[in-house]
Chemist: 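What follows is a single structure, and I will ask about it in a moment.
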Protein chains: 2
Amino acid sequence: MKKKAVINNNLPCKTEITAIKDTMEILSGKWKFHIIGTLSLGKKLRFMDLLREVDGIGTKMLSKELQDLEMNQLISRIVLNTKPVTVEYQITDFGKTLIPIIDEIAKWGIEYRNFVYKNKRRV
Amino acid sequence: MKKKAVINNNLPCKTEITAIKDTMEILSGKWKFHIIGTLSLGKKLRFMDLLREVDGIGTKMLSKELQDLEMNQLISRIVLNTKPVTVEYQITDFGKTLIPIIDEIAKWGIEYRNFVYKNKRRV
DNA sequence: GAAGATAGTTTCCTTTATGAAACTACTTTC
DNA sequence: GAAAGTAGTTTCATAAAGGAAACTATCTTC
């Protein structure tokens with residue numbers, strides 16, 4: 001008989017694995033953290049503002065990523081009745097629930113630098 | 001004069017953005033969370049064990065991802081003097097510092113499901 | 001009327017990621 | 001000696017992601 005997975009083959013583990021997959025799919029790609037992080041500072045930003053704030057992104061990717069985030073209700077898109085039209089993007093309350101994740105990840109990245117630096121000195 | 005980024009154009013923000021990029025690069029790809037999550041349960045696992053635990057992964061990807069993780073000192077690889085050779089993979093103490101991130105992400109994924117479910121009912 | 005700003009979309013191209021299958025190389029079991 | 005288990009690597013192929021540049025369309029300013 002073929003061997004099977006044991007450790008991950010129970011309901012709590014499977015639920016957690018699925019949850020991680022879901023989250024990472026929603027936050028997938030090169031730019032989502034950057035966009036959410038920028039909007040999480042609380043200001044309403046227009047398309048061109050974001051293009052300037054998110055260093056290196058182009059119009060195509062910005063447009064696509066904003067659509068993804070809006071679809072998942074993490075940001076809101078409001079078209080203003082100005083001429084020419086302006087569009088305001090804003091993080092939603094639900095989007096703000098991502099902030100603890102972003103903070104953990106940023107914190108770890110800084111710890112990682114310290115760790116690498118310490119190891120270099122020791123060797 | 002061309003407009004420039006304002007919000008993200010200061011040192012604390014840039015440090016945070018870099019830290020997030022670093023972390024996400026280290027954890028990039030379809031399988032790293034899954035592998036670390038499995039090893040974070042504390043047991044030593046061999047290559048074939050991991051192949052069975054990480055549902056869907058193939059030998060090539062597993063081998064590559066394990067190399068990446070070892071290079072970043074998140075897991076350790078120990079070759080045992082058995083015949084045929086067996087290799088034990090284990091999470092390092094440093095690798096364990098990722099657990100809070102993984103927990104936050106899993107927690108959020110579960111909250112996300114609840115949020116989507118609530119919204120469906122309301123509409 | 002040309003230039004520049006608003007907010008994107010579309011096209012074409014390159015790079016990166018992923019995967020299935022075959023293969024190496026050694027050892028034990030049937 | 002064939003089969004199956006150990007731990008991978010290599011090859012070939014496709015899928016997904018990302019990017020540069022051109023383009024639509026409207027409006028304001030010089």
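Predicted, not measured: the structure shown is a model, and the values here were computed from it. Below, chain A is the first sequence line, B the second, and so on; all start at residue 1.
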Chemist: So, does B/K83 get its side chain near the phosphate of D/dG5, meaning an N or O under 4.0 Å from OP1 or OP2?
Modeler: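 Checking D/dG5 against B/K83, no side-chain N or O comes under 4.0 Å of OP1 or OP2.
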Chemist: Which residues pass the salt bridge (charged side-chain N to carboxylate O under 4.0 Å, His left out) test with A/R77, not counting sequence neighbours?
Modeler: none
Chemist: Is the count of non-hydrogen atoms from other residues, nucleotides or ligands lying under 6.0 Å from A/D55 atom CG greater than 12?
Modeler: no
Chemist: Output the rounded distance in Å from CG (B/L62) to P (C/dA17).
Modeler: 17 Å
Chemist: Provide, to the nearest angstrom, the distance between the CG atom belonging to A/L51 and the P atom belonging to D/dA20.
Modeler: 11 Å
Chemist: Can you tell me how far P of C/dA7 sits from CD of A/E65, to the nearest Å?
Modeler: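 After rounding, the gap between these two atoms is 18 Å.
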Chemist: Keeping B/Q90 on the side-chain end and B/K44 on the backbone end, is there a donor-acceptor pair under 3.5 Å?
Modeler: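 Side chain of B/Q90 to backbone of B/K44, a donor-acceptor pair under 3.5 Å: no, none is there.
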Chemist: Grab the CG-P distance between B/D55 and C/dG19 for me, whole Å please.
Modeler: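 So the CG-P distance, B/D55 to C/dG19, works out to 12 Å.
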Chemist: Check the distance between D/dG18's P and A/I35's CD1 and give it to me in whole angstrom.
Modeler: 11 Å
Chemist: Strictly by modelled atom types, are B/Y112 and A/N72 linked by a side-chain donor-acceptor pair under 3.5 Å?
Modeler: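 Side-chain D/A pair, B/Y112 to A/N72: present.
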Chemist: Rounded to whole angstroms, how far apart are CG on A/L45 and C1' on C/dT6?
Modeler: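 Interatomic distance, CG of A/L45 to C1' of C/dT6: 15 Å.
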Chemist: When you check every protein heavy atom under 4.0 Å of nucleotides 7-14 of chain D, what one-letter string (B, S, -) results, 5' to 3'?
Modeler: SSBBB---
Chemist: Flag yes if A/I17 and B/L27 sit in one hydrophobic cluster, no otherwise; membership is Ile, Leu, Val, Met, Phe, Trp, Tyr, and two members link when side-chain heavy atoms are under 4.5 Å apart.
Modeler: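 In one cluster: no.
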Chemist: Parallel, tilted or perpendicular for A/F47 and A/Y89, by the 30°/60° rule?
Modeler: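 Tilted: the ring planes of A/F47 and A/Y89 meet at 30° to 60°.
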Chemist: Rounded to whole angstroms, how far apart are NE2 on A/H34 and P on D/dA17?
Modeler: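 My rounded result for the distance is 20 Å.
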Chemist: Using atom CD1 of B/I78 as one end and atom P of D/dT6 as the other, report the distance to the nearest whole Å.
Modeler: 19 Å
